[in-house]
Number of protein chains: 2
Amino acid sequence: MTTQAQGLHTHVLDTLGLALTAGEYPPGSVLRTDELAQRFEVSRTVIREVVRVLESMHLVESRRRVGVTVRPTAQWNVYDPRVIRWRLAGSDRPRQLRSLTVLRSAVEPVAAGLAATHATPEQCRELTEEALGMVATSRGGQLEAYLVHDIAFHRVVLNASGNEMFARLGDVVAEVLAGRTHHQVMFEDPDPAAVTLHVQVAEAVRERDAARAEELTREIATGALRELDVLAP
Amino acid sequence: MTTQAQGLHTHVLDTLGLALTAGEYPPGSVLRTDELAQRFEVSRTVIREVVRVLESMHLVESRRRVGVTVRPTAQWNVYDPRVIRWRLAGSDRPRQLRSLTVLRSAVEPVAAGLAATHATPEQCRELTEEALGMVATSRGGQLEAYLVHDIAFHRVVLNASGNEMFARLGDVVAEVLAGRTHHQVMFEDPDPAAVTLHVQVAEAVRERDAARAEELTREIATGALRELDVLAP
DNA sequence: GTGACATAAAAGTCATACTTTTCGGTGCCG
DNA sequence: CGGCACCGAAAAGTATGACTTTTATGTCAC
């Protein structure tokens, strides 16, 4: 499950990142590179590179003569897919999932509207295909297969919006969907209403009906939000 | 203007990042760490750390026996404020500014609506204060002072939404506003209508009128978008 | 108490040596 | 002629130790 031994750097980064986002080191606490090097039994070189990356995520701040201090949560770079994954694996998953879903509910409808006017025929085809894939896998506990189509569907919508910022949220959405499937924040089978809505969105986009695509996507989003209320208190 | 000599790492990172986002090295081209070390006259250590950070932004990918290859634009981590700043300083600023503004137009109205129900009295106060500050500095070419209030205003709204993901967009919005001011993608004085709208948003939030706050913010956003149409073809 | 100064702790930088992965070619065999 | 296995070298990855720079903090004189 977790990334495995494809480089010391990756391993240490993942471990430390997970620990940090899990709140194992409260904000303000300081780490020292030598100490970390010892703990992980790697050279300072590796630790320094990891710290630099962590620093670029605003998880920590490294200052001379003081060490690597953990930053307050409010400063994390929460749009970095890795940070999302780490936090989704941690303890405050519910809150995390909620704020991400609220973001989706703001962005995806607009993106769907834009997609209706910008999608290429190829993208329309893909969209329909993934929606049908969702239908096909929506029963009988094929959650993993369903997830693949679900992710692909939303990715296509975001890409088809023609807006780069929306497109790049594909990874974020993917993490959210994967997270809620893998952490049992979901019913046994997907909500049939949601599945239908996806098919209809594909339809609306194909027919260039921006308003309808937007509205339908809004319904998907509010549905997801409602589902969260039930499953993640 | 550009970050200056506060560490070799920072300097090299900024320079390389700027060059990359400017498209100086087309996607697919490869850099070698030794070469970079020579070019910048720094040790491999520094270059490696820079590359790791660049890699964490998905600007490049480092592979053994092949080198550091530049990734296609579609994979950049465009939510990293540094990437935004670099790109805003580069050549395709118009397109960049547009996609960011579209994002804002999707997110900020929703955030404002949430802010109306979640804002603390203190935040309401700050909001009014910043709005008034905008009014006070909206005439006579005080663009810099105006910018400060503008940024602060939007930051408070995003924070007051109570949603972490929205809150973290504060930096992004700040980069956008700063970018469009500093790169002359703006009229001499801010649009008076926009200034008024900000005051009204503060009002709406203070009066807990979510729908109105959302609608007014939507108007600000569409106004900004229209302004872009005029100034950045 | 306040300010200048010395001290040392920690990150930052550098040079170098060594390890590991993997691309690309070479040649053998089918 | 084509495919497969093997080999070598190129580049990143890792480790280590020495040295530099910044800076928090304690000390001492005033």
Side-chain angles (χ1 to χ4, degrees), chain A residues 2-17 19-20 24-72 75 77 82, chain B residues 2-17 19-20 24-72 75 77 82:
Chain A
T2 35
T3 324
Q4 174 82 341
Q6 61 172 46
L8 284 183
H9 175 82
T10 309
H11 175 248
V12 174
L13 179 61
D14 241 40
T15 311
L16 242 188
L20 282 169
E24 234 159 89
Y25 309 87
S29 48
V30 300
L31 313 170
R32 261 154 305 132
T33 51
D34 293 347
E35 209 174 79
L36 290 172
Q38 275 198 310
R39 164 136 31 117
F40 287 98
E41 298 178 288
V42 296
S43 70
R44 280 185 357 260
T45 312
V46 171
I47 295 294
R48 293 199 89 272
E49 287 171 12
V50 167
V51 167
R52 277 266 140 88
V53 172
L54 254 19
E55 202 176 16
S56 99
M57 295 170 170
H58 281 68
L59 261 57
V60 301
E61 186 184 6
S62 177
R63 284 175 55 200
R64 271 174 156 134
R65 166 62 212 241
V66 50
V68 179
T69 74
V70 181
R71 290 189 159 200
Q75 300 183 16
N77 234 355
R82 258 168 316 184
Chain B
T2 34
T3 324
Q4 174 81 340
Q6 62 172 46
L8 284 183
H9 176 82
T10 309
H11 175 248
V12 174
L13 179 60
D14 243 39
T15 310
L16 243 187
L20 283 168
E24 234 160 272
Y25 309 88
S29 48
V30 300
L31 312 171
R32 260 154 305 130
T33 52
D34 294 342
E35 210 174 80
L36 290 172
Q38 274 198 309
R39 164 137 28 120
F40 286 99
E41 298 179 287
V42 297
S43 71
R44 257 183 5 125
T45 312
V46 172
I47 295 294
R48 293 200 89 272
E49 287 170 12
V50 167
V51 167
R52 277 266 137 90
V53 172
L54 255 20
E55 200 175 17
S56 99
M57 295 170 170
H58 282 69
L59 260 57
V60 301
E61 185 184 8
S62 177
R63 284 174 54 199
R64 268 173 156 134
R65 166 61 212 244
V66 52
V68 179
T69 74
V70 181
R71 289 190 162 200
Q75 301 182 18
N77 234 355
R82 259 169 315 184

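Residue numbers begin at 1 in each chain, while the letters A, B, ... track the order of the sequences.
The side chain of Arg48(A) lies closest to dG12(C), out of dG12(C), dC14(C), dA11(C).
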Practice item. Any chance you could list the contact pattern along nucleotides 15-25 of chain C? Use B for base contacts, S for sugar-phosphate-only contacts and - for none, protein heavy atoms under 4.0 Å, 5' to 3'. Key: --B--BSBB--
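The backbone N or O of Arg48(B) sits nowhere less than 3.5 Å from a side-chain atom of Glu49(A) that would complete a donor-acceptor pair. In this structure a side-chain-to-backbone donor-acceptor pair under 3.5 Å is missing from Gln75(B) to Leu59(B).
Thr45(B) is not listed as a side-chain neighbour of Thr45(A), based on a closest heavy-atom distance of 4.5 Å or more. Residues Leu20(B) and Leu54(B) form a side-chain contact, since some pair of their non-hydrogen atoms from C-beta on lies under 4.5 Å apart. Inter-residue side-chain proximity for Ile47(A) and Val42(A) is flagged as met; some heavy-atom pair is nearer than 4.5 Å. Ser56(B) is listed as a side-chain neighbour of Arg82(A), based on a closest heavy-atom distance under 4.5 Å.
Here chain A contacts DNA chain D (any atom closer than 4.0 Å to a heavy atom, that is under 4.0 Å), and the contacts span dT14(D) to dA24(D) from 5' to 3'.
Leu8(B) has its CG atom 13 Å from the C1' atom of dA11(C), to the nearest Å. If you measure from atom CD of Glu49(B) to atom P of dC14(C), you get 10 Å, rounded to the nearest angstrom. Atom CD in Glu61(A) sits about 11 Å away from atom P in dG12(C), given to the nearest Å. Ile47(B) has its CD1 atom 9 Å from the P atom of dC14(C), to the nearest Å.
Partner of Phe40(B) under the side-chain contact (heavy atoms from CB on, under 4.5 Å) criterion, chosen from Leu16(B), Val50(B), Val46(B): Leu16(B).
A distance of 13.5 Å separates CZ of Arg71(B) from CE of Met57(B), quoted to the nearest 0.5 Å.
Distances shorter than 4.0 Å separate some side-chain N or O of Arg52(A) from OP1 or OP2 on dG12(C).
Nucleic acid contact for Leu31(A): sugar-phosphate only, since backbone atoms but no base atoms lie under 4.0 Å from a heavy atom of the residue.
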